[in-house]
Amino acid sequence: MAILNILEFPDSRLRTIAKPVEVVDDEVRQLIDDMFETMYEAPGIGLAATQVNVHKRIVVMDLSEDRSAPMVFINPVFETLTDEMDQYQEGCLSVPGFYENVDRPQRVKINALDRDGKPFEMIAEGLLAVCIQHECDHLNGKLFVDYLSNLKRDRIKKKLEKLHRQNA
Ligand code: QAP
Ligand code: CO
């Protein structure tokens, strides 16, 4: 197992569109294990492969308090089930220290493969719906800050760039 480096906004590699996984093999499962270790250590509730600079369509999540509910989504696709939107204060391991309200569809149907490559379908609402939409965005090179005003996004960008310069 390994802790992977997490890319931070405004790193342009976060804009890469991830490619579908063709075979769910041991190499993919190794990456998934490393992604869980990285997410738990952060700590976070969701991580997309894009964030660790691997451009494959893989998401891991665990919304439990005690890391007891790991979820894996390979090649996830979702369909919105309602026009109703819910607002949630989102954060992101790639945008550390910043939390802002984002509106998203309240209910979605997700289709994905599990860690054995077996297809499954689930209906999500609440935090699960927010998180899977946020993580699917990463696979398409999109970040939650893209839903904010240019002013807010630019402020976050400048603050993170300054921190990155200080850490360099
Ligand atoms: C995405 O985010 C998410 O700023 C997962 O300093 C977040 O795990 C989906 C984190 C909220 C839905 C709602 C953020 C850790 C973790 C930070 C995360 C930080 C340390 C974020
Ligand atoms: Co994120």
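Order of listing sets the numbers, starting from 1, for every ligand and every atom in it. Just so you know, these numbers come straight off a predicted model, no measurement behind them.
For the side chain to side chain contact (heavy atoms under 4.5 Å, CB included) test with M71, the passing option among V60, D114, I132, L63 is L63; the others fail. Considering R107, E121, K109 as possible partners of E79, the one that fulfils the side chain to side chain contact (heavy atoms under 4.5 Å, CB included) test is K109.
The protein atom (non-hydrogen) at minimum distance from atom 16 (C) of ligand 1 is L93 CD2, 3.5 Å. For atom 3 (C) of ligand 1, the nearest non-hydrogen atom of the protein is G91 O, 3.7 Å.
Judged by distance alone, with hydrogens and angles left aside, the side-chain atoms of N140 form no donor-acceptor pair with the main-chain N or O of K142 at under 3.5 Å. Between the side chain of R115 and the backbone N or O of V72 there is no donor-acceptor pair closer than 3.5 Å. No donor-acceptor pair closer than 3.5 Å links the side chain of E41 to the backbone N or O of E37.
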Step-by-step side-chain hydrogen bond (donor to acceptor under 3.5 Å, both in side chains) determination, Q51 to S94: CA-CA 7 Å; Q51 294 176 273; S94 294; 3.0 Å; yes
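Shortest non-hydrogen contact noted between A42 and L93 is CB-CD2, 3.4 Å. Minimum heavy-atom separation, T16 to H55: CB-ND1, 3.4 Å. Here the shortest heavy-atom pairing between K152 and E100 reads NZ-OE1, 3.3 Å.
Computed with the Co ion (ligand 2) at the centre, the C92 SG to H134 NE2 angle is 120°, stated to 10 degrees.
Remark: among candidates F98, F144, Y99, the nearest residue to atom 14 (C) of ligand 1 is Y99, based on non-hydrogen atoms.
Under a 4.0 angstrom heavy-atom cut-off, C131 registers as being in contact with ligand 1.
Taking distance alone, with nitrogen or oxygen atoms compared against 3.5 Å, G97 approaches ligand 1 more closely than that limit. No N or O atom of L127 sits closer than 3.5 Å to an N or O atom of ligand 1.
Per-residue contacts place Y88 under 4.0 angstrom from the following atoms of ligand 1 (heavy atoms of the residue considered): 13 (C). Taking every non-hydrogen atom of P43 and a distance limit under 4.0 Å, the qualifying atoms of ligand 1 come out as 15 (C), 16 (C). Listed by number with element, the atoms of ligand 1 under 4.0 angstrom from any heavy atom of V95 are 4 (O). Ligand 1 places these atoms under 4.0 Å from at least one heavy atom of E135: 1 (C), 5 (C). When each atom of ligand 1 is checked for a heavy atom of H134 under 4.0 Å away, the hits are 1 (C). Near G46, the atoms of ligand 1 lying under 4.0 angstrom from a non-hydrogen atom of the residue are 5 (C), 8 (O). When each atom of ligand 1 is checked for a heavy atom of I45 under 4.0 Å away, the hits are 5 (C), 8 (O), 18 (C). Below 4.0 Å from some heavy atom of V130 lie the following atoms of ligand 1, by number and element: 12 (C).
Counting just the N/O/S atoms of H138, the one with the shortest distance to the Co ion (ligand 2) is named NE2.
When ring centroids are compared, F120 and F73 come within the 6.0 Å threshold.
Neither the backbone nor the side chain of A42 has any atom closer than 4.0 Å to an atom of ligand 1 (non-hydrogen atoms only).
Between the side chains of Y40 and D62, at least one donor-acceptor pair of N or O atoms lies under 3.5 Å.
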